[in-house]
Amino acid sequence: MLELRLVQGSLLKKVLEAIKELVTDANFDCSATGFSLQAMDSSHVALVALLLRSEGFEHYRCDRNLSMGMNLGNVSKMLRCAGSDDIITIKADDGSDTVTFMFESPNQDKIADFEMKLMDIDSEHLGIPDAEYQAIVRMPSGEFARICKDLSSIGDTVIISVTKEGVKFSTAGDIGTANIVCRQNKTVDKPEEATVIEMQEPVSLTFALRYLNSFTKATPLSETVSISLSSDLPVVVEYKIADMGYVRYYLAPKIEE
Amino acid sequence: GAKQSIITNFFKIA
């Protein structure tokens, strides 16, 4: 028996919008720790890892570990039927081939339940080793989204370079080139508007902008984003979900032959 | 040019 009640149901709606472009089908894993997902995109270039900790739910009952295969487009269709202020409860019985999403309006005057068929998905769970990153950039998530969008109108790839001067995003295409430098800026009114660079040593990596733009679908989940970079490792683009967990995207770099 | 690597080059199946 599984029963997860999330008062801030809009979080779940935003999570689905954040991952459904990248991944078509995925297993949602439920354990005492929380509600999680790990999946690669179809070309195995990017990986998304989601965690919603059990403590973040108003009610969390998960009698045994359960893995539920879902088509994310279909989950998104169901969750779009929930109001933005609705409380969402996810329910499943042991051995059942369906999951139920229950939506309650804030004043309890409307209650809806949507039952969705589960699917069998063969997915490989990857071990993500703890890594010391050469540079971690924290910046406003909206600023990062703007940079990725702007650069993708010029080129297909971005070189992200971190030095003590700041973080530079560069691209080149048929019509020309573009460079955007963001300097460390801690002296802002609100901490979420700061750009903070923790650098052990300079690092420069090349990535496909198409994937980074897909990651920015998570922007509504968090005011800030952190970008962790090391030579010869996938970049980690993390959006924290307040008090609950995170959506992390890993993107394999482009490597000179 | 640069070649796109894949995630499984870096992270192994658990």
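Just so you know, these numbers use all the heavy atoms, side chains as well, and skip hydrogens, waters and symmetry mates. All figures in this text were calculated on a predicted structure; none of them were measured in a lab. Below, chains carry the letters A, B, ... as their sequence lines are ordered, and counting in each starts from 1.
Here the straight-line distance linking atom CD1 of A:I160 with atom CG of A:L212 works out to 5.5 Å at 0.5 Å rounding. Put simply, CD1 on A:I241 and CG on A:L12 are 9.0 Å apart, with the number rounded to the nearest 0.5 Å.
Using a 4.5 Å cut-off on side-chain heavy atoms (C-beta onward), A:L205 and A:V235 make no contact. Two residues are said to be in side-chain contact when any heavy atoms from C-beta on lie closer than 4.5 Å; A:F35 and A:L66 fail this criterion. Side chains of A:L229 and A:V167 form no contact here, defined as non-hydrogen atoms less than 4.5 Å apart. Side-chain contact between A:F28 and A:L50: present, with at least one pair of heavy atoms (C-beta onward) separated by less than 4.5 Å.
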At a cut-off of 3.5 Å, what donor and acceptor atoms pair up between chain B and chain A?
from, atom 1, to, atom 2, distance (Å)
B:K3, N, A:I255, O, 2.7
B:K3, O, A:I255, N, 2.7
B:Q4, NE2, A:A252, O, 2.9
B:S5, N, A:P253, O, 3.2
B:S5, OG, A:P253, O, 2.5
B:I7, N, A:H44, O, 2.8
B:K12, O, A:G127, N, 2.8
B:A14, N, A:H125, O, 2.6

